There are 2 protein chains.
Amino acid sequence: MPMDERPTLEDVAAYAGVSRSTASRALNDDEYVSTRAKEKVLGAARELGYSPNQAARSLVTRRTGAVAVVLSEPEANVLDDPYFASVMHGAFRELSDAGVQMLLMFVDTRDDVPRTIKFLEGGHADGALVFAPHKGDPLPTALRLARIPVVYGGRPGTGRRGAHAVDFDNEGGARLAVEHLHDSGRRRIGTVTGMLDHPAAADRLAGWQKALEAAGLDPTDLSEQGDFTMASGEVATAKLLARCPDLDAVFAASDLMAAGAMKALRAAGRIVPKDVAVIGFDDHPTLAPAMEPPLTSIHQDPRQQIREMVKKLLSLLTGENIRPETTVLPVKLAVRDSA
Amino acid sequence: MPMDERPTLEDVAAYAGVSRSTASRALNDDEYVSTRAKEKVLGAARELGYSPNQAARSLVTRRTGAVAVVLSEPEANVLDDPYFASVMHGAFRELSDAGVQMLLMFVDTRDDVPRTIKFLEGGHADGALVFAPHKGDPLPTALRLARIPVVYGGRPGTGRRGAHAVDFDNEGGARLAVEHLHDSGRRRIGTVTGMLDHPAAADRLAGWQKALEAAGLDPTDLSEQGDFTMASGEVATAKLLARCPDLDAVFAASDLMAAGAMKALRAAGRIVPKDVAVIGFDDHPTLAPAMEPPLTSIHQDPRQQIREMVKKLLSLLTGENIRPETTVLPVKLAVRDSA
DNA sequence: TCCCCAACTGGGAGCGCTCCCAGAATTCTG
DNA sequence: CAGAATTCTGGGAGCGCTCCCAGTTGGGGA
């Protein structure tokens with residue numbers, strides 16, 4: 001073996017004084033290898049600094065040892081949101097514990113869709129963890145046709161039947177928020193929604209509405225649509241305030257919109273939480289505690305989500321025939337000063 | 001070719017009525033292929049939905065077509081910081097434009113270092129884009145020994161000689177901040193630093209100090225160390241305030257610490273910016289405009305950084321013999337209400 | 001004692017591709 | 001128009017691995 005080249009399995013086998021086959025068996029701890037042979041091979045591998053050639057292995061096993069994490073979300077949303085950073089970090093940890101590499105792919109232009117499909121179909125990854133929340137997103141349909149093992153993060157907007165997914169209890173979170181507000185005496189509880197083609201936004205709105213009705217309150221005129229950005233939260237809250245001057249609470253479907261709501265309330269001379277209480281959603285680790293006053297918000301644990309997703313995907317990859325279903329994870333209320 | 005299997009190059013060649021070699025040449029647009037043959041092959045490939053087997057190709061070319069993006073930074077910093085989200089997104093865009101896949105790796109425990117090195121040495125990626133800012137980080141040294149093409153984001157804390165890197169003008173940014181404060185009449189300009197084993201933090205501190213001295217001001221007692229977190233900014237500012245009650249400006253080395261500073265100032269009854277002006281660093285796209293008052297901050301463009309990094313790495317990979325040097329990118333002042 | 005079956009080992013084939021080389025077809029030169 | 005140069009083509013080898021199969025070893029039961 002020349003000095004400047006990486007050792008191959010053959011080199012390891014020769015060094016250990018066994019055949020290539022035996023070396024392979026030892027390294028992959030197959031059955032039918034004597035402990036003696038196994039020790040020799042493992043020792044040789046360590047000695048030579050052997051690391052198997054993934055390409056050669058892939059060529060025969062038809063497995064790449066890599067999983068793609070696909071974010072199908074407009075650029076701005078991904079960048080603003082530490083949720084995605086958490087997801088990526090968590091995905092890496094979970095996957096690398098399983099010895100799987102993580103390929104990261106963003107899909108934010110229409111052109112990216114065929115490229116992504118082509119890539120995944122091409123067998124460059126064994127499976128995918130996909131975050132594709134928009135209702136019109138063509139990706140889930142295309143993925144289903146391509147018969148690639150996929151687990152979704154969040155309820156996919158399209159092709160909901162027969163998909164493996166892990167979602168948060170968005171409706172329950174909204175209910176939690178409304179109940180907290182109601183319990184502290186609020187009666188005119190408005191909401192600022194996200195884009196309603198986003199299942200999470202729709203679920204949060206539904207939760208708010210059901211909770212109001214359950215409390216015997218009338219939701220009419222009390223909801224205004226935003227788009228998850230701070231500016232939209234500000235505008236929506238101003239409209240809400242103009243329409244219902246007796247507003248005494250705002251449930252915003254994201255912390256960013258809650259920040260906008262606070263701005264609008266401040267501009268209108270309302271004190272938070274004395275005059276109007278505010279609750280956000282996401283429990284943005286940086287933003288929520290930094291706000292003035294610190295924001296009460298619905299907390300969700302992205303790490304738990306990704307852990308479940310990886311677990312499902314790995315089962316899928318080992319050929320386990322698990323039933324396609326959406327696992328729903330609980331959320332909780334993180335109480336601070338704003339409500 | 002069976003229906004259920006992916007077509008191989010051989011299938012494409014047969015379909016086009018040429019040999020495997022010619023098909024390969026056509027697909028890789030090599031020289032010495034007739035236009036006629038090329039068209040036939042390309043047509044056949046399209047018809048059959050052919051996508052080359054990357055593993056087989058890697059095996060012979062000894063190139064993986066993938067680049068690793070390595071974040072060697074404690075978990076919390078990565079999660080809080082939309083800078084990293086920007087970097088990852090930008091890296092994906094730039095790399096995929098070049099037909100290169102992106103592998104993401106985090107290094108946050110000591111154990112991750114050998115694993116990462118092993119992985120990169122194993123030839124699983126053609127090169128790496130590394131963010132490893134800490135002074136004691138063993139990664140840069142290990143990477144240099146492993147002779148892997150690497151470009152650093154930010155000045156690497158270790159092994160600075162002979163490394164390819166793209167950094168921001170941290171010192172210049174601090175100077176910009178101080179000059180702005182001085183121009184608006186502030187004379188007691190304190191600073192809250194980041195962890196000083198972080199080159200960016202050290203550079204920002206140096207810039208602050210030099211700018212003060214250039215303006216004929218005395219920096220004594222006016223700097224306090226933080227660790228880039230909000231809580232540390234609050235504590236540091238309180239100390240500063242206790243030591244120098246006539247403080248009229250704070251330059252924080254991160255927006256998060258600026259948020260902490262604002263909290264401390266508010267708690268001490270100081271009005272921002274009337275009594276004390278505050279300037280942050282990073283221009284955090286979510287946090288800075290959401291603060292009350294909106295934060296003046298030093299803006300840096302992570303997209304530009306990653307673009308330069310990818311450019312350097314691709315040159316390195318094509319064997320160009322570019323000189324190892326640190327490219328320094330300009331920053332600018334984003335003026336809002338806090339200063 | 002012998003045979004059988006389990007436990008183990010080694011060699012061969014082949015995954016799908018690129019590259020090299022020899023030969024065929026075409027074009028260019030004098 | 002012959003010969004040389006050039007362009008193009010196809011087959012063979014081989015990248016490093018896993019898997020299959022045939023062969024070898026050793027221990028336990030008849």
Side-chain angles (χ1 to χ4, degrees), chain A residues 1-2 4-42 44-45 48-66 99 101 121-124 126 318, chain B residues 1-2 4-42 44-45 48-66 99 101 119 121-124 126:
Chain A
M1 184 193 77
D4 55 327
E5 277 175 27
R6 297 179 46 208
T8 72
L9 183 58
E10 201 88 40
D11 298 322
V12 174
Y15 193 93
V18 298
S19 74
R20 184 168 30 84
S21 304
T22 301
S24 173
R25 275 186 286 256
L27 259 7
N28 296 300
D29 56 26
D30 274 2
E31 49 180 2
Y32 298 146
V33 209
S34 60
T35 17
R36 207 179 111 69
K38 191 161 179 171
E39 274 165 15
K40 277 195 297 181
V41 171
L42 262 32
L48 299 177
Y50 172 74
S51 135
N53 183 319
Q54 184 58 43
R57 178 177 283 173
S58 289
L59 187 55
V60 35
T61 58
R62 286 145 181 290
R63 289 287 225 103
T64 62
Q101 286 313 309
E121 265 185 328
H124 301 254
D126 298 332
T318 52
Chain B
M1 182 193 77
D4 56 326
E5 278 176 26
R6 297 179 46 206
T8 72
L9 184 57
E10 201 89 39
D11 298 321
V12 173
Y15 193 92
V18 298
S19 75
R20 183 169 29 84
S21 304
T22 301
S24 172
R25 275 185 287 254
L27 258 8
N28 295 300
D29 57 25
D30 275 2
E31 48 179 2
Y32 300 144
V33 209
S34 59
T35 15
R36 207 179 112 69
K38 190 161 179 171
E39 274 165 16
K40 278 195 296 180
V41 171
L42 261 33
L48 299 178
Y50 172 74
S51 134
N53 181 319
Q54 184 60 43
R57 179 178 282 175
S58 288
L59 187 54
V60 37
T61 59
R62 287 143 182 290
R63 289 287 224 104
T64 62
Q101 285 314 309
F119 176 82
E121 265 185 329
H124 301 256
D126 298 332

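All chains are named by letter (A, B, ...) in the order of the sequence lines, taking the proteins before the strands, and each is independently numbered beginning at 1. Scope of the values below: all heavy atoms of this structure, side chains included, with no hydrogens, waters or symmetry mates. Keep in mind it's a predicted model, so treat the numbers as computed, not measured.
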Any side-chain heavy atom of N28(B) within less than 4.5 Å of one from R57(B)?
yes

According to a strict under-4.0 Å criterion, is S58(A) in side-chain N/O contact with OP1 or OP2 of dC15(C)?
no

Just to be sure I understand the rule, does R62(A) reach a base, reach only the sugar-phosphate, or reach nothing, if contact means heavy atoms closer than 4.0 Å?
sugar-phosphate

Point-to-point distance, once rounded to the nearest 0.5 Å, from CG of L48(B) to CG of L9(B):
11.0 Å

On the nucleotide dC20(D), are OP1 or OP2 found under 4.0 Å from the side-chain N or O atoms that Y32(A) carries?
no

Less than 4.0 angstrom between a side-chain N/O of S19(B) and OP1 or OP2 of dG10(D), yes or no?
yes

Rounded off to whole Å, could you give me the NZ-to-C1' distance for the K38(A) and dA7(C) pair?
14 Å

Without decimals, in angstroms, what is the distance between R36(B) CZ and dT7(D) C1'?
16 Å

Whole angstrom value for the distance that separates C1' of dG16(C) from CZ of R57(A):
18 Å

dG16(C) base to R6(B) side chain: any donor-acceptor pair below 3.5 Å?
no

Given that E31(B) and Y50(A) both sit by DNA chain D, which one's nearest nucleotide is further toward the 5' end?
E31(B)

Would you say the side chain of S58(B) lies within less than 4.5 Å of the side chain of Q54(A), judging by non-hydrogen atoms?
no

To the nearest angstrom, the CZ-P distance between R63(A) and dT18(D) comes to 14 Å

Take the protein atom CZ of R25(B) and the nucleotide atom P of dC19(C), then report the distance between them rounded to whole Å.
11 Å

I need the CG-P distance between L59(A) and dC17(C), as an integer number of Å.
9 Å

Just compare dG10(D), dG14(D), dC15(C) and give me whichever is closest to any side-chain atom of V60(A).
dC15(C)

Please confirm whether the shortest side-chain N or O distance from S24(B) to OP1 or OP2 of dT18(C) is below 4.0 Å.
yes

Closest approach to the side chain of T22(A), judged atom by atom: which nucleotide of dT9(C), dT18(C), dC17(D) is it?
dT9(C)

Between atom OG1 of T22(B) and atom NZ of K38(B), what is the distance when rounded to the nearest 0.5 Å?
12.5 Å

Here's a test of your reading of the structure: between S21(A) and D30(B), which maps to the more 5' nucleotide of DNA chain C?
S21(A)

Check this one for me: any side-chain N or O of N28(B) less than 4.0 Å away from OP1 or OP2 of dT18(C)?
yes

Are V33(B) and V41(B) packed together at the side-chain level, in the sense that at least one heavy-atom pair is separated by less than 4.5 angstrom?
no

Take the protein atom NE2 of H124(B) and the nucleotide atom C1' of dG16(D), then report the distance between them rounded to whole Å.
13 Å

dC19(D) P sits how many Å from D29(A) CG, rounded?
13 Å

Which sits closer to the 5' end of DNA chain D, S34(B) or A56(B), going by the nucleotide each is nearest to?
S34(B)

What distance do N53(B) atom CG and R62(A) atom CZ have between them, rounded to the nearest 0.5 Å?
7.5 Å

Under 4.0 angstrom, heavy atoms only, what part of the nucleic acid is A37(B) near: base, sugar-phosphate, or nothing?
sugar-phosphate

For the base of dG12(D), is there a side-chain donor-acceptor partner from R20(B) under 3.5 Å away?
yes

Of the listed dG10(C), dG16(C), dT18(D), the closest approach to the N53(B) side chain comes from dG16(C)

